[in-house]
Amino acid sequence: ERHLIILCDLALKKHADDSRRTVDRMVEYLSAHYCLPDMSLSHLSIQFGLTEPYISKVLHDRLGKTFAAWLEEKRIFHARDLLDQDPSLSFDELAVRVGYTSTRTFQRAFSRVLSCSPASYRRAQGKASIRIDTHPGNRAMRAFLSKQGYTELGAFDLTQKGAAETDLTRIAFEKLV
């Protein structure tokens with residue numbers, strides 16, 4: 001009876017080791033092939049001969065998120081890196097390079113993951129800004145800043161609740177450099 005327990009223990013350990021190695025191979029495969037347009041649980045099921053629910057569970061356990069969320073983030077972060085390297089890439093080209101067959105689906109995923117559209121991200125790249133705040137009554141400074149290419153962002157109020165409102169309104173200007 002004791003020998004049977006030892007054999008069962010060894011079998012369970014071997015199974016756990018085999019499962020761990022299989023998941024390691026899956027993660028390596030995913031990291032190398034996430035840009036394939038047909039990458040899915042079904043694709044992995046065929047590739048590794050395992051059921052989709054099992055793959056979904058072990059990947060969620062390993063990656064800490066659903067397969068779909070992981071894949072979307074991986075693709076979008078890669079697209080962001082490509083856009084940083086070459087801002088002239090079209091969104092159609094970016095979508096194809098990172099595994100999307102639809103540019104619209106790619107754009108929606110980009111917005112979901114990075115909280116901005118690919119177009120907004122591209123516009124923001126490489127642009128720093130200088131902000132200057134001045135009193136709205138300082139017409140000379142406002143005129144000077146406008147001539148220097150600064151854009152007036154509007155007025156804002158620096159007053160605290162209950163404080164006097166004298167001289168605490170400012171006009172903000174910004175210039176992209």
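The structure presented is a predicted model; accordingly, all values stated were derived computationally and were not measured. Residue indices begin at 1 and follow the sequence shown.
Residues Tyr100 and Phe77 share a hydrophobic cluster, clusters being chains of Ile/Leu/Val/Met/Phe/Trp/Tyr side chains in contact below 4.5 Å. Leu82 and Leu36 end up in different hydrophobic clusters when Ile, Leu, Val, Met, Phe, Trp and Tyr side chains are linked at under 4.5 Å.
Of the inter-residue distances, the one linking Thr66 atom OG1 with Glu73 atom CD reads 8.5 Å to the nearest 0.5 angstrom. From Ile76, atom CD1 reaches atom CG of Leu71 across 9.5 Å, with rounding to the nearest 0.5 Å. One distance of note links CG of Asp38 with OG1 of Thr101; it measures 10.0 Å at 0.5 Å rounding. Atom CD of residue Glu72 and atom CZ of residue Phe110 lie 11.5 Å apart, to the nearest 0.5 angstrom. The distance from the OH atom of Tyr121 to the SG atom of Cys116 is 7.5 Å, given to the nearest 0.5 Å. Put simply, NE2 on His43 and OG on Ser40 are 7.0 Å apart, with the number rounded to the nearest 0.5 Å.
The shortest non-hydrogen separation linking Pro118 to Phe91 is CB-CE2, 3.4 Å. Closest of all the heavy-atom pairs between Tyr34 and Arg75 is O-NE, 2.9 Å. Closest heavy-atom contact between Leu94 and Ala79: CD2-O, 3.7 Å. The two atoms that bring His33 and Met39 nearest to each other are O-CE, 3.3 Å, heavy atoms only. Of all the heavy atoms in Arg122 and Leu89, the pair that sits closest is NH2-O, 2.8 Å.
With respect to Arg20 and Asp24, no salt bridge is recorded, no charged nitrogen being found less than 4.0 Å from a carboxylate O.
Taking the ring-ring contact (aromatic ring centres under 6.0 Å, His included) definition, one finds that His60 meets it with nothing, sequence neighbours left out.
Between Arg108 and Ser111, the side chains place no donor N or O within less than 3.5 Å of an acceptor N or O (distance only, hydrogens not considered).
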Discussion item. Would Tyr29 and Phe48 count as a ring-ring contact (aromatic ring centres under 6.0 Å, His included) here? Give the steps.
Written reply: CA-CA 10 Å; Tyr29 181 82; Phe48 289 93; 5.8 Å; yes
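Put simply, the side chain of Glu52 reaches to within 4.5 Å of the side chain of Ser42, judged on heavy atoms. Looking at heavy atoms from C-beta onward, Val23 lies out of side-chain contact with Asp61 at the 4.5 angstrom threshold.
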